[in-house]
Visitor: 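One structure is given below, represented as structure tokens, and several questions about it will come after.
The sequence lines fix the lettering, A, B, ..., with proteins before strands; numbering per chain opens at 1.
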Amino acid sequence: MRLTPCAPYCLVDGKLVEAAPSEEEIKRKVEAVFGDLSGEEKKLLTYWVSLLEAAQPRFKYLSLDIEVLSPVSTRVPSPTKARDKVVAAALIGSDGRREVYLLKTPGFKEPKCDQFEAKIYEDESQMLREIFRVIDSYPVVATFNGDDFDMPYLRHRGEVLNIPREQIPISLGREGASLKHGIHIDLYKLFMNRSIQVYAFDNRYREHTLGAIAQALLGKGKIEIEKPIGELTTEELARYCFQDALLVHELLTSDNELLLKLLVVLSRISKMPIEDACRHGVSGWIKSLLYFEHRKRGCLIPRSDELIEEKGVISTKAVIEGKKYRGAIVVDPVPGVHFTVTVLDFSSLYPSVLKEWNLSYETARCPHQECRNNVVPETTHWICRKRRGIQSEVIGCLRDIRVRWYKPKSSDPNVPEAQRRWYSVVQRALKVFLNAAYGVFGFEEFPLYCPPVAESTAAIARYAFKKAVEKASELGVEVLYGDTDSLFLKTTNEHVINELVAWVKKELNLDLEIDKRYRYIVFSQRKKNYLGVTDKGVVDVKGLTGKKSHIPSFIKDAFEEMLKILGEVKSEGEFEEAKMKIAEILKSKYYTLKKGEYNLEDLSFKVMLSKGVDKYVKTTPPHVKAARKLINKGIQVVPGDIIAYVKTKDSDGVEPLELARKDQVDVDKYIEYLMSTFEQVLDALGIDFDRIVGITSLEYFM
DNA sequence: ACCTCTGGCTGGATAT
DNA sequence: ATATCCAGCCAG
């Protein structure tokens with residue numbers, strides 16, 4: 001059975017039920033939260049709220065992983081030919097199923113394990129038929145990379161073994177592998193999705209392998225094996241395969257089944273079946289949503305060549321060479337330490353601009369002569385006054401729901417914990433859509449590509465931002481820093497802040513609100529680089545080198561130690577003591593390096609290879625040099641891999657971690673990195689770096 | 001195969 | 001020696 005995802009129905013205990021709360025109930029809730037809006041707006045909001053508040057289906061789900069035995073251990077088994085035997089398959093179900101299917105091969109030994117039930121088969125065909133029967137009994141099956149390996153392999157292997165097609169529940173399509181009676185979720189594709197990575201998982205994983213993702217999210221990884229599959233004992237093989245399926249299972253289960261819930265919400269917003277939603281990026285979701293809105297209104301969807309012909313105009317110049325149009329403003333920070341700072345944020349600035357200025361591909365540069373004087377500041381674009389823009393309406397509506405409904409409820413202490421988690425899931429899903437809704441219009445491959453929309457959004461946001469900065473100055477408040485939609489003000493005067501907020505609401509009809517208060521904040525001369533301690537004692541670090549993911553942990557740890565000390569500083573007077581302690585940290589790290597009391601792992605940089613090694617033709621960055629050395633040793637390296645390397649005194653200056661020796665380390669280079677990392681904070685604190693180092697060097701030589 | 005955008009920092013490679 | 005470009009990572 002295929003369900004239309006946009007209808008708020010769901011399966012509960014195998015039965016299809018209407019999941020939407022009653023119309024009365026929704027109307028009452030909408031009235032309570034959005035009572036001040038117009039009847040027209042409330043009608044739209046009612047539709048979205050009833051969709052988003054619809055009950056969540058509870059799925060029975062299965063996690064699957066298979067192992068194939070190739071006679072040549074270096075050859076990767078081909079999923080299209082499926083010549084090699086499937087020797088193991090682990091199946092883990094949300095209903096408690098924990099099974100490993102094993103094929104009796106030469107050297108087979110009965111495995112002992114209490115974690116799972118071992119099911120042993122003499123005949124591969126019989127084993128596969130049994131596995132197919134289990135797969136077919138679940139509505140949702142999850143794999144890691146099942147689209148490209150496990151599913152096509154099982155399908156083709158089944159065909160090779162002459163299993164009748166109707167007994168194989170897997171169908172292969174252009175976009176991936178599907179099930180005849182269920183949904184197949186390929187976690188590899190899903191975790192690859194940048195939006196999922198950044199918004200759902202807060203960028204907590206970097207590498208797109210099952211081991212790395214599980215390690216980052218669950219705190220446990222794959223079972224390490226040194227031998228090829230064929231040389232494992234039966235028990236080792238079973239445990240290895242089981243662990244992989246278990247990781248997949250726990251990724252689905254963790255955080256109260258967050259991933260599955262998120263998929264349902266994304267599917268409902270994007271009007272895509274879940275299977276499609278997990279195989280498309282955010283541009284696909286938004287395309288699907290906007291197409292749906294066109295069809296609902298009976299509107300024609302323009303061809304992209306027509307759209308570009310009419311609306312391909314760009315009228316601003318980007319600050320950065322090579323970009324298409326001008327983006328946001330970043331205010332030069334006032335260097336130094338500042339106490340009592342308040343940060344104000346425009347909530348959802350870009351979506352708000354889209355909404356308030358009626359921005360949409362059909363309203364930007366509309367055909368009406370009368371609208372031509374409704375000009376977007378700093379551009380040659382004008383915006384329609386006669387008709388409501390589709391995108392403006394849809395995104396505006398989602399914005400209102402996120403800002404006024406889900407965001408506040410997700411952190412409301414009066415809401416029960418479980419309910420709050422649910423609000424936070426929806427809130428995050430909405431954020432994905434809102435953030436991308438602007439960007440896709442500046443993306444050439446997007447089918448509704450319309451640069452005037454992206455350009456106007458950024459231009460109006462700059463206009464609003466500048467006005468707010470001006471007003472703050474008028475009110476006598478110093479603006480210490482600002483980036484895109486935030487203002488860092490040197491005041492805690494509530495009266496003045498309220499005045500500014502009220503002015504922005506009245507003049508621009510935008511919501512400016514207090515984001516956080518800093519006990520103190522440290523700026524260098526650099527933009528997008530600061531360190532602050534909030535009124536709650538939380539240390540916020542933005543952009544500083546010491547926080548970046550590729551930096552050696554030796555340096556990161558030293559940096560963290562410094563942050564801990566800075567987090568305890570409450571007043572200006574306490575800085576002196578903190579400075580002394582920080583100097584001590586630096587000295588001790590310096591000695592550690594000089595004495596060689598480190599391990600290579602802690603000194604390794606970890607940088608991602610963004611393309612194939614042979615694709616780096618213009619320059620050869622250090623991590624690529626290291627990757628080449630790995631290849632020379634016969635170690636495989638592919639795009640997306642993270643290369644760990646240490647800086648050495650040899651001719652090319654780098655050595656992959658796996659091949660490096662301690663005596664090769666270029667200690668002075670590391671001292672340089674340590675210095676430059678700390679300098680970003682210390683020069684703003686007024687600590688004379690050279691003096692500390694000068695003393696330490698002197699001490700060292702004495 | 002996949003890909004929302006611009007602005008800004010760093011270190012190192014390469015060109016002048 | 002110095003300026004410019006490339007690549008990676010991050011802020012918003």
Visitor: Would you mind classifying the nucleic acid contact of Lys287(A) as base, sugar-phosphate or nothing, using non-hydrogen atoms under 4.0 angstrom?
Guide: nothing

Visitor: Which atom pairs, donor and acceptor, lie under 3.5 Å between side-chain atoms of residues 322-336 of chain A and protein residues at least two apart or in another chain?
Guide:
{"from": "Lys324(A)", "atom 1": "NZ", "to": "Gly442(A)", "atom 2": "O", "distance (Å)": "3.0"}
{"from": "Lys324(A)", "atom 1": "NZ", "to": "Glu444(A)", "atom 2": "OE1", "distance (Å)": "3.1"}
{"from": "Tyr325(A)", "atom 1": "OH", "to": "Tyr438(A)", "atom 2": "OH", "distance (Å)": "3.0"}
{"from": "Arg326(A)", "atom 1": "NE", "to": "Lys317(A)", "atom 2": "O", "distance (Å)": "2.9"}
{"from": "Arg326(A)", "atom 1": "NH2", "to": "Lys317(A)", "atom 2": "O", "distance (Å)": "3.3"}

Visitor: How would you give the extent of chain A contacts on DNA chain B, as first and last nucleotide 5' to 3' within a 4.0 Å heavy-atom cut-off?
Guide: dC2(B) to dT14(B)

Visitor: Would you please name every residue forming a ring pair (Phe, Tyr, Trp, His ring centres under 6.0 Å) with Tyr520(A), sequence neighbours left out?
Guide: Phe339(A), Phe575(A)

Visitor: For Phe554(A), what residues pass the ring pair (Phe, Tyr, Trp, His ring centres under 6.0 Å) criterion, not counting sequence neighbours?
Guide: none

Visitor: Please classify the nucleic acid contact of Phe441(A) as base, sugar-phosphate, or nothing, using heavy-atom distances under 4.0 Å.
Guide: nothing

Visitor: Heavy atoms only, 4.0 Å cut-off, all strands: where does Thr457(A) land among base, sugar-phosphate and nothing?
Guide: nothing

Visitor: List, with names and distances, any nitrogen or oxygen atoms from the protein found under 3.5 Å away from nitrogen or oxygen atoms belonging to nucleotides 10-12 of chain C.
Guide:
{"from": "dC10(C)", "atom 1": "OP1", "to": "Ser549(A)", "atom 2": "N", "distance (Å)": "2.9"}
{"from": "dC10(C)", "atom 1": "OP1", "to": "Ser549(A)", "atom 2": "OG", "distance (Å)": "3.1"}
{"from": "dA11(C)", "atom 1": "OP1", "to": "Gly543(A)", "atom 2": "N", "distance (Å)": "3.2"}
{"from": "dA11(C)", "atom 1": "N3", "to": "Lys528(A)", "atom 2": "NZ", "distance (Å)": "3.0"}
{"from": "dG12(C)", "atom 1": "OP1", "to": "Tyr530(A)", "atom 2": "OH", "distance (Å)": "3.2"}
{"from": "dG12(C)", "atom 1": "O3'", "to": "Asp483(A)", "atom 2": "O", "distance (Å)": "3.4"}
{"from": "dG12(C)", "atom 1": "O3'", "to": "Asp485(A)", "atom 2": "OD1", "distance (Å)": "2.6"}

Visitor: For Phe292(A), does the six-membered ring have the charged nitrogen or CZ of Lys271(A) within the cation-pi criterion, i.e. under 6.0 angstrom from the centroid and within 45° of the normal?
Guide: yes

Visitor: Kindly state whether the ring of Phe191(A) and the ring of Phe144(A) have centres lying under 6.0 angstrom apart.
Guide: no

Visitor: Below the 4.0 Å mark, does dG8(C) have OP1 or OP2 next to a side-chain nitrogen or oxygen of His623(A)?
Guide: yes

Visitor: Assess the side chains of Arg519(A) and Thr534(A): does a donor N or O sit below 3.5 Å from an acceptor N or O?
Guide: no

Visitor: With a 3.5 Å distance limit and no angle check, can you tell me whether Asn145(A) reaches the backbone of Tyr188(A) through a side-chain donor-acceptor pair?
Guide: no

Visitor: Hey, does Glu445(A) reach any base, or is it just sugar-phosphate, or nothing, if we go heavy atoms under 4.0 Å?
Guide: nothing

Visitor: Please walk me through it: do Tyr518(A) and Asp540(A) pass side chain to side chain contact (heavy atoms under 4.5 Å, CB included)?
Guide: CA-CA 9 Å; Tyr518(A) 285 110; Asp540(A) 262 359; 2.7 Å; yes

Visitor: Starting at atom CD1 of Ile320(A), determine the distance to atom P of dA7(C), rounded to an integer number of angstrom.
Guide: 16 Å

Visitor: Indicate, with a heavy-atom threshold strictly under 4.0 Å, whether Lys625(A) touches base, sugar-phosphate, or nothing.
Guide: sugar-phosphate

Visitor: Just the rounded figure in Å: distance from P of dC9(C) to CE of Met608(A).
Guide: 6 Å

Visitor: Assign Gly327(A) to base, sugar-phosphate, or nothing according to its heavy-atom contacts below 4.0 angstrom with the strands shown.
Guide: sugar-phosphate

Visitor: Look at Lys606(A) and dC9(C) and indicate whether a side-chain polar atom (N or O) is within less than 4.0 Å of OP1 or OP2.
Guide: no

Visitor: When we call it a touch if two heavy atoms are under 4.0 Å apart, what does Ala454(A) touch: a base, just sugar-phosphate, or nothing?
Guide: nothing

Visitor: Nearest whole Å is fine: how far is dG8(C) C1' from Ile643(A) CD1?
Guide: 13 Å

Visitor: Assign Lys647(A) to base, sugar-phosphate, or nothing according to its heavy-atom contacts below 4.0 angstrom with the strands shown.
Guide: sugar-phosphate

Visitor: Pair up each side-chain donor or acceptor in residues 610-619 of chain A with any protein partner under 3.5 Å, not counting sequence neighbours, and list the distances.
Guide:
{"from": "Ser610(A)", "atom 1": "OG", "to": "Tyr616(A)", "atom 2": "OH", "distance (Å)": "3.3"}
{"from": "Tyr616(A)", "atom 1": "OH", "to": "Ser610(A)", "atom 2": "N", "distance (Å)": "3.1"}

